[in-house]
Amino acid sequence: MSSVEVHSQQQPEPASSLIPTLPGSHYTDEAVFELEKSRIFQRHWFAAARCSDMPTPGSFRNVDVGGESVLIVRGRDGALRAFLNVCRHRGARLCVEESGTVRRSLQCPYHAWTYGLDGKLVAAPNLNSMNDVNRDEYGLIGVALREWLGTAWVCLADEPPSFEDTVQSAVTARLGDAGTIDGWGIDDLVVGRRITYDVKANWKLIVENFMECYHCATIHPELTEVLPEFADGYAAQYFVGHGAQFGEEITGFTVDGQGGFDTLSGVDEDHDRRYYAITINPQVFINLVPDHVIFHRMYPLAVDRTIVECDWLYTQEVVDSGVDLSRSVELFHRVNQQDFDACERCQPAMSSRAYADGGVLVPSEHHIGEFRDWVTSAISG
Amino acid sequence: MSSVEVHSQQQPEPASSLIPTLPGSHYTDEAVFELEKSRIFQRHWFAAARCSDMPTPGSFRNVDVGGESVLIVRGRDGALRAFLNVCRHRGARLCVEESGTVRRSLQCPYHAWTYGLDGKLVAAPNLNSMNDVNRDEYGLIGVALREWLGTAWVCLADEPPSFEDTVQSAVTARLGDAGTIDGWGIDDLVVGRRITYDVKANWKLIVENFMECYHCATIHPELTEVLPEFADGYAAQYFVGHGAQFGEEITGFTVDGQGGFDTLSGVDEDHDRRYYAITINPQVFINLVPDHVIFHRMYPLAVDRTIVECDWLYTQEVVDSGVDLSRSVELFHRVNQQDFDACERCQPAMSSRAYADGGVLVPSEHHIGEFRDWVTSAISG
Amino acid sequence: MSSVEVHSQQQPEPASSLIPTLPGSHYTDEAVFELEKSRIFQRHWFAAARCSDMPTPGSFRNVDVGGESVLIVRGRDGALRAFLNVCRHRGARLCVEESGTVRRSLQCPYHAWTYGLDGKLVAAPNLNSMNDVNRDEYGLIGVALREWLGTAWVCLADEPPSFEDTVQSAVTARLGDAGTIDGWGIDDLVVGRRITYDVKANWKLIVENFMECYHCATIHPELTEVLPEFADGYAAQYFVGHGAQFGEEITGFTVDGQGGFDTLSGVDEDHDRRYYAITINPQVFINLVPDHVIFHRMYPLAVDRTIVECDWLYTQEVVDSGVDLSRSVELFHRVNQQDFDACERCQPAMSSRAYADGGVLVPSEHHIGEFRDWVTSAISG
């Protein structure tokens, strides 16, 4: 079955008129970004780090979640915990390094207030003579944390939303059932390569770019070579459960379509030689291919600047073998560069009077309309 | 008749008290600059580029007009047209280069929506299957354009003001009649040299500087050598129709007053050996001398930053001859540097309590008062 | 009497609960900083420069006082005077250099308006023909100035507060009487070394750091080696009139506690081998040791940026001798670096939700609570 047939059979009727995107100000207005920080990034589950970034007790990572510095640290008991990275005494950052390892405790380098890896205040100079200091009251401020897909998800809300009904249901909605994702065994994969991109664009432009493939024919020559149906402009996530099929001559999801590694043991024949893209609002993209997984986490830092951390995940065996990953990594690295260039090309025009009411979506971009509604609803409540 | 006699005869009575400038906040307040962008630069005719910057069909230039990126492109029919530089689909910049040449159309590099050089949407991927896309409705947004003095003037207003009553009348008011400017044949002159200055000052400080010559004796030694009457502090534009006369020993409008080129054929004897300065609100200065024209276009980018593009225009014959233009260019290049240094010296003091109510104008600066009133009126309506 | 005994005898009862600092927004909010500029730095006496920075008639210095550029110049009569550094005509900065020397007058380099060193307008081009210019009316705007401790203190208020009741009383309150400070003869000391620090922190974090020694044990190993009692966490200024005693093996206030210079002739035995720290709100710290004085002046430039200029002052004899000052300077230079690093570590956390209500003060930090109240009161009125 060719991809063209798939589309001609499944293609929906075009809408009677083009539907609008968000207005331009939503990509440029500091006040909108402040709302998004407090009502989206600090209220929803946020993929903060790969769990293996904190491999041993005392190892930590420090990430920006909606403007808050969140410290994720592995305890003596092996569990991950997250805290606001602020000493309760006079407000110094506990850790300024992006990552590292402490021994038994987190000690503030200003006045030496010392917290256990579970966040409890365990010591402070002159503490014995200060019976007014309630050690329980002055522990680090904790942040909710869940582990899934080898990822530490945190939520700054006092009452986090259901992880199942938000994060996990997004994967289910895309793949058609809850169990399919397990085939890739993402928990057990390891980071073969990480590339961090500093994108001068609003985070929503990056999401919207990821959600449609109408641009694929124009800017992704390597990707459309591997996945010929993408040249037609329908994104992989357009059809529930559908994975874009590799071209007939393609032997791997690599920059030249040749090579690749053994199909992961949990990926069955129905999902082999296919590519699945998943978006989990607000800041995660997952790409599933037979022999690896590409996992993007976005860290929106300003209304017009977003850090994107992208992990290429392989089996432990592949990484340990020392085999050359470069052609495998290069394919999506180029896709990333092509996409982020496009986003950076849109950002400066968002403030134009030509975009005051936003742009328009063609029918194959209709997922972006759902994202627009999701964002609008999220920041209004 | 010496220049001193001119002044002693024509000098007006001093006003009974010094008149004020604009208050300091008008040079530092972001909100004022926003008003100026929308009510001055986007509502009035704006000299955007030299027509010869777009010499052939498909050649374009991309300029900032009051915060909007405006694309000026020459059509297949040879006519210049201007558009907002924003794709109607998802808002990408059509052209990010400052200038260049396209072949037959303007194609957005994101999703390949394609516009004719007349702005009409002529193609989009899958357009045949999208009968809901109204090609007429989604053409580029046009901007009014007029050609005069070899310059492409654009206006972003829906209903532009009369070009004759604003741009052309400013020249008439300065020179005394409408036809005098034609003597310099500015349409046919060519750019011998272009220098672009990045000035860390509000655009109004630059206009005000250009409108008076009270500073000439202090900061322009070369200019006052060539034009001795400027040492007296009365600007060339102070008297309608008056051109500052060259000093007796001066043989050219050059850095050392020697040399220069043949007087332009259309400049008659009454206007030979004289210098005329013209200000066209809000962002053009023109200097007329017997053998060339110096044309300044300002592009205000921020409340405290202005790009000034200055063209030295000569006959085609002079430029083609390969003759050395450097002493000719050097005179006003030094004047520009001296003026812009002065403006940059004023900018940081605009926020001082000492300038909260502005400064004062001496009688020879009275044109600045008219400019102040023009600006105040323009932004209030 | 060992320092430990001092503390065990004098240590106050701990408060029943920890008291709060200022809320985090006071360290990050532009609007708060604007209030501080107008109501603190422009209303209170501000240590602007060392008098010897302007050694001779015509020498000047140019400093930022709450956002205003203030020019301090020594007159022909030898007296220091201060003016707003803005020409009354069109607002140019009179002096853009940080320091220098003019001859007989201050001449604006834009239009040559010329002011005497006493600020009076003495000449302007065409002034004779401009009988409307009132020379008295257009003199430079003066700023109140007092000299004390070899320092030029200025005040931008129309009616400055009592110098005695603010600046001088702060010293008296710390040392216990008004005359003690005279022992160091600060007027006659000379600058042996000046180091300027560009600190990326709000000025109040720097004051608060200077006001407590609870951090000394953690970040100041060299200082606590010289002053062992500082390891206990009680700041020198905690007890009125108390100076922290040098350790038994210490022979000088130097980076290794060895060497040092002769005790200043006015410092009596009671004050020898001791260290006194004094804070004068809002921007001066003075450290008195037997053989020199360390004088800090802060220049807050932005809500998150402060310039600190630190002078190491010695007798004329010591400086003239050419003796090596480096070990003497190095001790407090390290203390400065350690402190400013700590402040920069706090600044980014001030915007955290964890610090929305501020942090807490332990009993030995209670002076910071007084500073908090002083600031709160100063900006509210």
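In the text below, chain A, chain B and the rest are named by the order of the sequence lines, each starting its count at 1.
Scanning all heavy atoms of the two residues, the minimum distance from B:R90 to A:V360 falls at CD-O, 3.9 Å. In this structure, A:T218 and B:H111 approach most closely via the heavy-atom pair OG1-C, 3.5 Å. In terms of heavy atoms, A:A354 sits closest to B:V86 at CB-CB, 3.9 Å. The two residues B:E68 and A:S351 make their nearest non-hydrogen contact at OE2-O, 4.2 Å.
Under a 3.5 Å cut-off, the side chain of A:Y214 and the backbone N or O of B:P125 do form a donor-acceptor pair.
When the shell of 6.0 Å around NZ of B:K120 is examined, it contains 12 or fewer heavy atoms from other residues, nucleotides or ligands. Around CG of B:D77, the count of heavy atoms belonging to other residues, nucleotides or ligands within 6.0 Å exceeds 12. Other residues, nucleotides and ligands contribute more than 12 heavy atoms inside 6.0 Å of the CG atom of A:D373. More than 12 heavy atoms of other residues, nucleotides or ligands shown are found within 6.0 angstrom of CZ on B:R194. Residue B:E97 places its CD atom among more than 12 non-hydrogen atoms of other residues, nucleotides or ligands, all under 6.0 Å distant.
Contacts of A:T21 with chain B are made by side-chain atoms alone, with heavy-atom separations under 4.5 Å and no backbone atom involved. Proximity to chain B (any heavy atom under 4.5 Å) is shown, for A:N209, by both the backbone and the side chain. Both the backbone and the side chain of B:L156 come within contact range of chain A, each with at least one heavy atom under 4.5 Å from a heavy atom of that chain.
Note that OG of A:S352 and CD1 of B:I141 are 6.5 Å apart. Values are rounded to the nearest 0.5 Å.
Interface residues of residues 341-349 of chain A toward chain B, defined by a heavy-atom distance below 4.5 Å and sorted by number: A:A342, A:R345, A:C346, A:P348, A:A349.
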Candidate pair A:V362 and B:W113, rule side chain to side chain contact (heavy atoms under 4.5 Å, CB included), full reasoning: CA-CA 11 Å; A:V362 300; B:W113 280 34; 3.9 Å; yes
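Contact tally against chain A (heavy-atom pairs below 4.5 Å) for B:A112, B:C108, B:A92, B:G91: the top residue is B:G91.
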